[in-house]
Every structure is written in C-alpha cells, then in structure tokens.
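Every chain is numbered from 1 and lettered A, B, ... according to where its sequence line falls, protein lines coming before strand lines. Values in this document were obtained by computation on a predicted structure and should not be read as measured data.
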Amino acid sequence: MDYDFKTIESKWQARWTADGTFRSEIDKDKPKFYVLDMFPYPSGAGLHVGHPLGYIASDIFSRYKRLCGFNVLHPMGYDAFGLPAEQYAIQTGQHPEVTTTHNIARYRSQLDRIGFSYDWNREVRTCDPAYYKWTQWAFLKMFDSWYDPALDKARPISELVAKFETTGYEGVTPEVWAAASDKERSDILMRYRIAYQGETSVNWCEGLGTVLANDEVKDGLSVRGGFPVEQKKMTQWQLRVSAYAGRLLDSLDRLDWTDSLKEMQRNWIGKSEGTEMVFNTVCDGRQKPVTIFTTRADTVFGVTFMVLAPESELVDELTSESQKEAVAAYIKEVKKKTERERIAETHTVTGVFAGSYGINPLTGEQIPIWISEYVLAGYGTGAIMAVPAHDSRDYAFARKFDLPIIPLIEGCDVSEQSFDAKEGVMCNSGFLNGMQVKQAIEAAKDYVEAHGLGRRKTNFRLRDAIFSRQRYWGEPFPIYYKDGIPCPIPESELPLTLPEIDSYKPSPDGQPPLSRAKDWTWHGYPIEKSTMPGFAGSSAYYLRYMDPHNDKALVSPEANAYWRSVDLYIGGTEHATGHLIYSRFWNKFLYDLGYVCEDEPFKKLINQGMIQGRSNFVYRIVGTNTFVSLGRKDQYETTEIHVDINIVRNDRLDLEAFKAWRPEFADAQFVLEDGEYICGWAVEKMSKSMFNVVNPDVICDTYGADTLRLYEMFLGPLEQSKPWDTKGIDGVNRFLKKFWRLFYDRDQWLVTEEKASPAELKVLHRLIGKERSDIESFSFNTTISAFMIAVNDLTALKCSKREILEPMVVLLSPFAPHIAEELWHALGNACSVSDARFPAYVEAYTVEDSCTYAVSFNGKTRFTVDLPKSMDRAEVEARVRALEQTAKYVADQQIVKVIVVPGKIVNIVVK
RNA sequence: GCCCGAAUGGCGGAAUUGGUAGACGCGCUGGACUCAAAAUCCAGUGUCCCUUAAAGACGUGCCGGUUCGACCCCGGCUUUGGGCACCA
C-alpha cells in the first residue's frame with residue numbers, strides 16, 4: 001500500500017472534527033498551557049504560504065505539549081473589522097459584513113486543510129456583536145476610571161469625584177466642584193478618565209477620510225493604502241496609555257520575549273529622566289514664567305537662546321508686537337506642510353525670532369526666544385532651552401541664525417559641530433567647573449531643586465492612543481450626547497450594534513459615514529458617530545478565548561483563574577509598537593480593576609519571520625517573440641518578464657504551459673540550454689502582480705498537508721525571514737514516503753513484535769534526545785533532520801519493529817499529524833495519537849549507561865567520564881584522542897570538571 | 001544619524017554555545033533496477049595540488065588579538081536585514 005496522503009488527510013480531518021478531538025475544557029487535574037497565534041485579518045486574497053508559518057509552529061508546540069500531559073488551549077479566530085472590507089464596500093456597495101463572512105469561510109477552508117489542532121468551538125470574530133459587546137464594555141470601564149498616581153493604578157472615577165467633594169484634588173476644591181455645572185464637571189473629569197475625549201494634534205489621512213494612530217503611519221504615509229498623512233487639531237476619543245508608560249516599561253523585564261522586540265518597545269516608550277526648569281521671560285514688558293524640559297541640566301551655563309514649538313500655546317503670549325507678522329507668516333508656512341514634507345525636510349533648519357527674551361535662571365543673562373518646528377509640541381513642555389555647543393540640533397539652528405555658541409567642556413572643539421557626548425570636564429559653568437559631566441548633571445539637578453528653580457522629571461515618548469476613527473466598519477462607541485455632554489450608554493444595553501446605512505462613504509459635509517444613519521439615536525439623544533480603531537477588538541481577544549460563550553462577563557473569574565494568560569504567543573514583529581503595546585495596556589487596566597488575574601497577557605513571544613516570494617523571470621529578445629534561457633541571455637538584448645511561478649518547476653519553464661498562459665505567448669519560440677529553458681529568479685515580496693504567490697492549497701494538493709507542515713519548518717529557523725522556494729520540498733516528501741515504507745511494503749504490513757536490537761534502540765534514543773531538547777527551543781528544522789537520519793538508519797537496518805516504530809509515530813505526530821494518526825491506528829491503537837503520552841516513551845528510553853572512559857597521560861589516569869548510552873564508541877574514541885591532546889596542556893593544572901552532554905564530551909574546566 | 005541582528009559549500013541551512021566545521025535536505029555526478037521512463041535504492045560531492053588515491057595544505061565577510069584549541073570571546077572595519085528618526 002502506498003502513502004496516499006489525500007485519503008489519509010481528509011479522513012482524519014473529518015474524524016477530528018466529528019470526535020471533537022481538540023476541544024479543550026477546564027480540567028483542574030492537569031496543568032494548563034495556552035498557545036496562541038496572532039489571529040488573521042481575513043483579506044480577500046486568501047492565505048498564502050507565508051501565513052501558516054507561525055500557525056504550523058504553534059500547532060507543533062501545542063500538540064507536543066499535549067503529548068507531555070498538558071491541557072492545551074489552542075484557539076483561532078478573526079480580526080474582522082478593518083479598512084479593506086470597508087474600502088471594498090465603498091467601491092461596490094456591498095456590505096462589509098458580506099465580504100468579511102465570505103473571506104472568513106475561505107480562510108477557514110484553507111486552514112482546515114493543514115490539519116491544525118484548533119478548538120474551533122472557541123472561535124471569535126471581532127465584528128460579531130456578541131464579541132464587540134465586550135470591547136464596548138471595556139471602553140465604558142475606561143471611561144468610568146481614572147489613573148490614581150498615588151496608588152499607581154486605575155480606579156473608578158467615583159473615587160476621584162469623592163476627592164473633589166471632600167478634600168479637593170489638584171486645584172479642584174469642594175467649593176469649585178459644588179459650584180460647577182454638569183458641563184464643567186464633565187470637562188474636569190475628561191482630564192482624568194482613562195478613555196477620554198480631547199483636542200489633540202492627530203494624523204489626518206485625507207485619502208482614507210479618517211485619523212490614524214502613530215503606529216498606523218510610516219514615513220508620513222498611511223500603512224494601509226499609502227496615502228499622505230497630515231497633522232490636524234481635532235477632538236477625538238483617546239486612551240490614556242501614557243499613564244501606564246512606566247509600568248509598561250518596567251514589566252518588560254519579566255517577559256520572555258526576544259531582546260530586539262523588548263528593545264523596540266523600550267524605544268517606543270522612550271523613557272528619559274531629566275529636569276523641568278522655569279525660565280522667566282519678558283515680552284513687550286510683560287513677564288511670564290516658562291517651563292522647559294532638559295536632560296542636560298549641567299549645560300544651563302551654555303544656554304544662548306530658547307525655542308518654542310510652533311503649535312505651543314505660549315507662542316501668542318511670547319510674540320512681541322514688532323514680530324507678530326513674521327511669526328504669523330512662519331506658522332502659516334509650517335501648518336501647510338504635511339507630515340511627509342516635514343520628514344523629508346528634516347535637517348533643513350527653519351525658524352523665526354519671537355521678539356521676546358528669557359532670563360537664564362543661573363546667570364541672569366537675557367537670551368532671545370525663537371520659534372521653530374524642530375521643537376515638538378507634544379513632547380516635554382513644547383519649549384526648550386538651547387545649548388548649541390552640546391546639542392547638534394541647537395547647533396545647526398545657532399549656525400543658521402548666527403546665535404552665540406558657548407563651549408562648556410574643557411578642550412572640546414565646537415567650530416565644526418557640537419560636542420554631544422556626555423564626557424569630559426566642565427568649564428565656563430560657575431559652580432560646576434572642574435566636574436565630570438555625569439557628576440555635573442546630578443549636581444545641577446540638585447542645585448535646581450534646592451533653589452526652587454525646577455524639579456526632576458521623567459518624560460516618556462509614548463503618547464495617548466487616539467481611539468476615534470471616522471469610519472463605518474468598526475465598533476460603535478456606546479456614548480450618547482446630552483446637551484453636548486458625552487454620556488455612557490448603560491452596560492445592560494450593550495452591545496450597541498452598527499446601524500445599516502445606504503452608503504459607506506463619508507457624508508458630503510465630511511462627517512463620518514455613521515452620520516448617514518439618521519434615526520440612529522439613544523432615546524432620542526444623538527450617538528457618537530466615529531467608531532473604534534482596529535486595535536480595539538484585538539486588545540483582549542486572548543481573554544475572550546478563555547470563555548467565548550459567556551454573555552455575563554468578558555471572561556468568568558473561574559476560566560480566567562485556570563487559563564490565566566498566554567504561555568506562548570506567536571506572530572510577526574510588525575505588531576511590536578501597536579497591538580503588543582495596546583494589549584499590554586488593556587490587560588493592565590483590567591488587572592487594576594480586578595477583572596483579570598495576571599498583569600501581563602503574553603508570557604513568551606516568538607516572532608516568526610516573513611516568507612518572501614521567489615519570482616521567476618523569462619527573457620524576451622527585444623522586438624521578437626523569442627525567449628532565451630538564463631545561461632544564454634547575455635548573447636542577446638532582452639527584456640525581463642515576470643512569469644507565473646506555477647508553470648515553473650525548479651527554475652525550469654514548462655514550455656507548453658507557458659504558451660497557454662497568455663495568448664500573446666501562444667507562438668513563442670525558445671532558445672534553450674541543454675534542452676531546457678532555465679528561468680531567472682529574484683526574492684521579492686509575495687504579491688499577485690509578481691505572479692509569485694503560492695497558495696497552500698496547491699501544496700496540499702500535490703504533496704499533502706503533512707509535507708507542507710514539515711517543509712515550512714524545514715526551511716530554516718522560525719524567526720528568520722526567508723524566501724519561499726519549493727526546491728527542497730521533494731526531500732521532506734520523500735522522507736514521509738520512506739517513513740511509510742517502514743510500515744508497509746506494497747500490500748504487506750511489515751511491523752513485527754520482535755525485540756529491538758541495541759543498534760535499533762540507539763537510533764530511537766538519539767531521536768528522543770534530539771526532539772526533546774530541540775522542540776523547547778523551537779529548533780524545528782533540526783528536529784526534522786534528526787527524524788530523517790533516524791528513518792535512514794532504520795531503513796538500512798531493515799527495522800520494522802513495533803518497539804521502535806510506535807514511539808516514532810508519537811514523536812512525529814506534532815509535525816505530521818495525519819500520517820502519524822493513520823499509522824497509530826494501523827498499529828492497533830483506538831485513541832487518537834494526540835492522546836498518546838510522550839513522557840512514557842521518554843522515560844523508558846533515556847536511561848543512561850554506566851560506561852566509563854578513562855583518559856590517561858604521562859602514564860596516569862587523570863579523569864574518568866560517564867557516557868550516555870546513545871553515544872557511539874567510535875565517537876567517544878575520537879573525542880578522547882582530542883582530550884588527550886588537551887590533557888598534555890592541562891597536566892600541571894587541576895581539573896575541576898568534565899562536562900558531558902548526550903552525544904559528546906563537551907568541555908574540561910581547569911583552574 | 002542612533003539602536004538591535006546577520007554574514008558558513010553551487011543553494012537552504014547544521015555545529016548540543018570555546019573542542020572532529022559543513023549535520024540534514026536540495027542540486028549535481030556515477031551506478032543498480034527497467035524495453036524505456038517515472039519511482040526507488042547504492043556510492044560520491046568545500047577548495048587547492050594530483051591521471052587517481054593516499055597524504056598534505058588552505059578554508060566560516062575582512063584585518064588584528066586572547067587561547068593548547070576560535071564560526072563561537074575581545075578590538076577595528078566591510079556588506080546586509082530590521083527598528084527609530086528632530087523626543088531636548
């Protein structure tokens with residue numbers, strides 16, 4: 001009987017579904033393990049072979065953990081709200097829900113063919129009202145909470161109101177509070193709510209008709225669609241993520257994530273410790289204190305001017321009559337620029353003198369105040385003290401506008417560029433003279449605080465998340481407006497569902513599409529017209545999987561207490577500064593209020609690399625319909641043309657298929673080499689236009705899902721980006737066939753009950769050792785290599801003994817579950833192979849041998865080594881010869897330790 | 001500009017982290033089976049010297065260092081991938 005993957009795979013996929021093999025329920029007798037994939041956005045293009053890379057890895061790990069006796073939670077769902085469906089709806093008028101449902105069905109059928117062990121019973125879709133009820137619920141909780149800095153956590157806003165009423169808080173006395181109108185009270189509370197409405201400078205994308213979050217913009221263009229983005233002041237819903245900056249940074253240390261990803265988050269959060277200092281200013285005789293932020297308090301003696309951000313509220317007050325016109329003109333100029341232009345023109349220096357002066361608090365000197373776009377309104381106080389000698393940006397500005405530059409470090413040369421390094425000995429700096437820079441920074445901070453000139457301050461770059469989107473296909477805000485005051489719709493009335501509208505375009509007067517829903521009100525009050533952004537639905541989905549059908553809570557305390565948090569999360573790095581920050585924030589917020597029991601959502605995170613496409617080219621001789629093979633193309637003048645990779649195999653073009661591919665190639669002529677047409681190739685992004693998209697369905701048809709799974713893992717390290725290249729796929733397919741032939745020869749069942757020989761056992765022992773150590777470190781490619789070696793060895797030994805093969809089947813089952821399941825049942829087992837128990841095999845076979853090897857030199861035995869049974873004598877002897885070499889050198893020294901791992905003597909430690 | 005990471009045969013990649021470099025797979029070469037092909041199996045395959053083999057020399061981007069011993073550690077470059085980019 002041959003290995004017939006088609007029959008086998010569909011048979012077992014159907015059985016797993018029918019039997020509910022991968023359903024998971026709370027089982028307090030077993031340890032739990034939660035393995036999660038970043039759920040996909042179901043796009044119209046369907047899955048390509050890059051998508052399942054991470055899914056396969058997580059599936060292998062899930063199945064492995066299950067074999068090890070864990071109760072595994074391994075769910076899947078869809079991040080189904082989003083722009084492409086809405087854009088498609090605008091073009092075609094089709095409701096986004098229709099396209100989304102259709103795409104999900106396509107995704108599901110593609111996923112099903114790969115044989116994942118998902119518990120589909122727990123599927124979630126972010127666009128499902130039963131799901132987004134809980135997104136809206138969390139928003140209401142954030143609306144109804146504030147961040148209490150004293151407790152360093154979120155608390156119900158009622159506690160803040162109580163403070164206002166009794167003791168007063170931050171300038172709001174009980175009298176002020178009592179006298180305040182409803183509107184005034186609402187405005188005061190908005191300054192504290194975790195989810196709040198406020199005016200802010202936003203990334204406005206005209207092309208999409210909506211605002212975007214910082215992580216949705218790259219190089220001044222929208223990530224989706226690539227439209228230009230400009231800065232605009234708007235009132236928007238926001239999440240006070242910045243309140244959590246310190247905690248988001250600190251708990252990063254406790255996470256098992258890659259250092260590079262943690263570093264990305266650290267940079268994004270951008271902690272900087274410095275000083276806030278007050279400078280007095282004079283403008284047309286009026287005095288006004290201005291606070292600036294600096295990390296270099298030690299350089300105050302070198303301040304020769306001050307700079308305000310163009311958007312700063314201080315600009316008006318600090319502009320003198322005489323400079324009014326010039327300043328207005330400059331600001332108009334700055335506003336006109338899009339974000340993209342500003343980025344492109346980075347390092348071209350612009351600015352205008354405000355006509356006012358600041359007073360250096362240490363020297364009493366009068367210094368000019370300028371306005372320039374190199375100072376950002378959103379960071380620090382929007383105003384800086386400029387020290388051109390020791391800051392490159394200030395230096396460039398001083399040079400351009402001819403402002404003085406005072407060096408403060410002995411021997412530094414500032415004639416060509418500023419001296420930014422924090423090293424050297426201070427000079428020209430009063431009481432700081434003679435100190436090292438690091439010492440001076442601290443001394444200056446102390447001085448400033450002691451003399452009441454300012455205080456130490458930590459700033460973060462992390463901004464609050466803008467939470468409004470002027471779009472249709474997202475979660476509606478459960479907010480209505482009463483006399484212009486935003487009020488929450490009661491929790492008991494959630495979900496607030498999306499209304500039907502006649503068109504998905506913004507209204508003619510530029511209002512969000514939801515404004516088209518005329519009679520959409522809450523008891524006659526208007527409802528908020530913007531919707532939530534993409535990251536809203538994905539911020540807590542991992543919690544929902546724990547208890548997906550609960551309509552009383554996002555997750556019940558019991559389910560949450562059992563499943564706790566995600567033990568292993570697999571997904572791409574592209575979410576480093578978006579989803580992975582928002583989710584952590586969201587989780588910490590729920591943790592503060594006691595809704596979840598863990599303060600971090602994802603314990604361990606693995607970033608799978610991207611799979612790039614491998615495009616093929618043919619070369620047409622200019623002006624003809626003749627195509628020349630790669631090796632001969634230099635003899636002609638040719639044009640390079642992308643060719644569909646589906647008609648190319650191992651870079652050999654299928655000539656007939658090529659002629660049939662496009663009508664214009666029907667009568668194509670070829671210049672061949674060795675009778676074949678060799679195509680050129682290049683690694684590019686996988687995309688339709690380059691004809692290099694590989695659909696996993698095609699691989700499943702020709703080789704089977706097990707081969708696809710093995711091959712994707714065999715391609716190289718999981719975390720590395722790599723091009724998809726089917727060249728080696730025959731190798732893993734051959735391996736599966738060989739494995740099959742250990743069990744069957746034509747129609748003959750070969751497996752016997754004979755006792756295994758030591759040589760055969762050794763093959764199995766090695767494989768077990770390898771799989772155990774590799775799988776925990778996600779080194780799946782080397783595990784598969786070990787499998788190939790084992791199968792080759794067993795083939796050579798003609799070994800078809802149950803004692804060896806049955807454990808092999810179990811070991812293979814996480815990687816190639818279909819063939820394993822088939823053979824497992826053929827061996828007479830009734831349960832699913834996923835219910836086999838790995839530890840039983842491990843314990844039985846990793847018993848160590850008591851073989852001792854003595855290494856001697858100068859006629860004396862110096863040390864002995866115990867070797868594991870899986871090691872070959874020949875190997876040992878080769879190693880010992882090397883050791884004896886070493887021993888000559890270490891003869892006079894004391895040997896402390898000999899380190900041995902299975903397979904090899906590793907090292908000798910000498911004193 | 002700043003911060004991470006990578007560089008190993010014709011190709012994808014191994015090397016248990018300082019101990020036989022190139023596992024495993026692909027490709028290629030030769031052979032077996034076959035009327036033939038496919039499939040399958042066996043052998044070979046880093047470079048140089050050589051008819052061949054043995055033996056040797058050289059070999060992990062480049063230059064230098066530490067060590068009995070370096071793909072691995074240290075110093076200095078080159079190329080390349082990714083992230084951030086006026087964050088005071």
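In RNA chain B, runs of at least 3 consecutive Watson-Crick or G-U pairs, each pair with both distances below 3.5 Å, span B:1-7 with B:78-84, B:10-12 with B:24-26, B:27-32 with B:40-45, B:46-48 with B:56-58, B:61-65 with B:73-77.
A/Tyr379 meets the ring-ring contact (aromatic ring centres under 6.0 Å, His included) test with no other residue; sequence neighbours excluded. Checked against side chain to side chain contact (heavy atoms under 4.5 Å, CB included), A/Gln612 has the following partners two or more places apart in sequence or in another chain: A/Val683, A/Ser721, A/Pro723.
Look at the C1' atom in both B/G9 and B/A15: the space between them is 15 Å, to the nearest Å.
In the set B/G13, B/A88, B/C24, the nucleotide with an atom closest to the side chain of A/Met788 is B/C24. When distances run from any side-chain atom of A/Lys722 to the nucleotides B/G13, B/C24, B/C86, the shortest one goes to B/G13. In the set B/A88, B/A23, B/C26, B/A88 carries the atom at the smallest distance from any side-chain atom of A/Asp391. Here the nucleotide nearest the side chain of A/Asn781, chosen from B/A23, B/A14, B/C84, is B/A14. Proximity note for A/Arg734 (side chain, C-beta onward) versus B/A88, B/U40, B/A23: the nearest is B/U40.
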List, one per line, each side-chain donor-acceptor pair under 3.5 Å for residues 708-715 of chain A, sequence neighbours excluded.
from, atom 1, to, atom 2, distance (Å)
A/Arg709, NE, A/Phe815, O, 2.9
A/Arg709, NH1, A/Asp59, OD2, 3.0
A/Arg709, NH1, A/Ile114, O, 3.2
A/Arg709, NH1, A/Gly115, O, 3.1
A/Arg709, NH2, A/Asp59, OD2, 2.8
A/Arg709, NH2, A/Pro814, O, 2.8
A/Tyr711, OH, A/Asp725, O, 2.4
A/Tyr711, OH, A/Gly728, N, 3.4
A/Glu712, OE1, A/Leu53, N, 3.4

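Look at A/Tyr374 and you won't find any side-chain N or O under 4.0 angstrom from OP1 or OP2 of B/A88.
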Pairs: protein N or O with nucleotides 42-46 of chain B N or O, under 3.5 Å:
none

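Contacts between residues 264-271 of chain A and RNA chain B, defined by a heavy-atom separation under 4.0 Å, are made by A/Met264.
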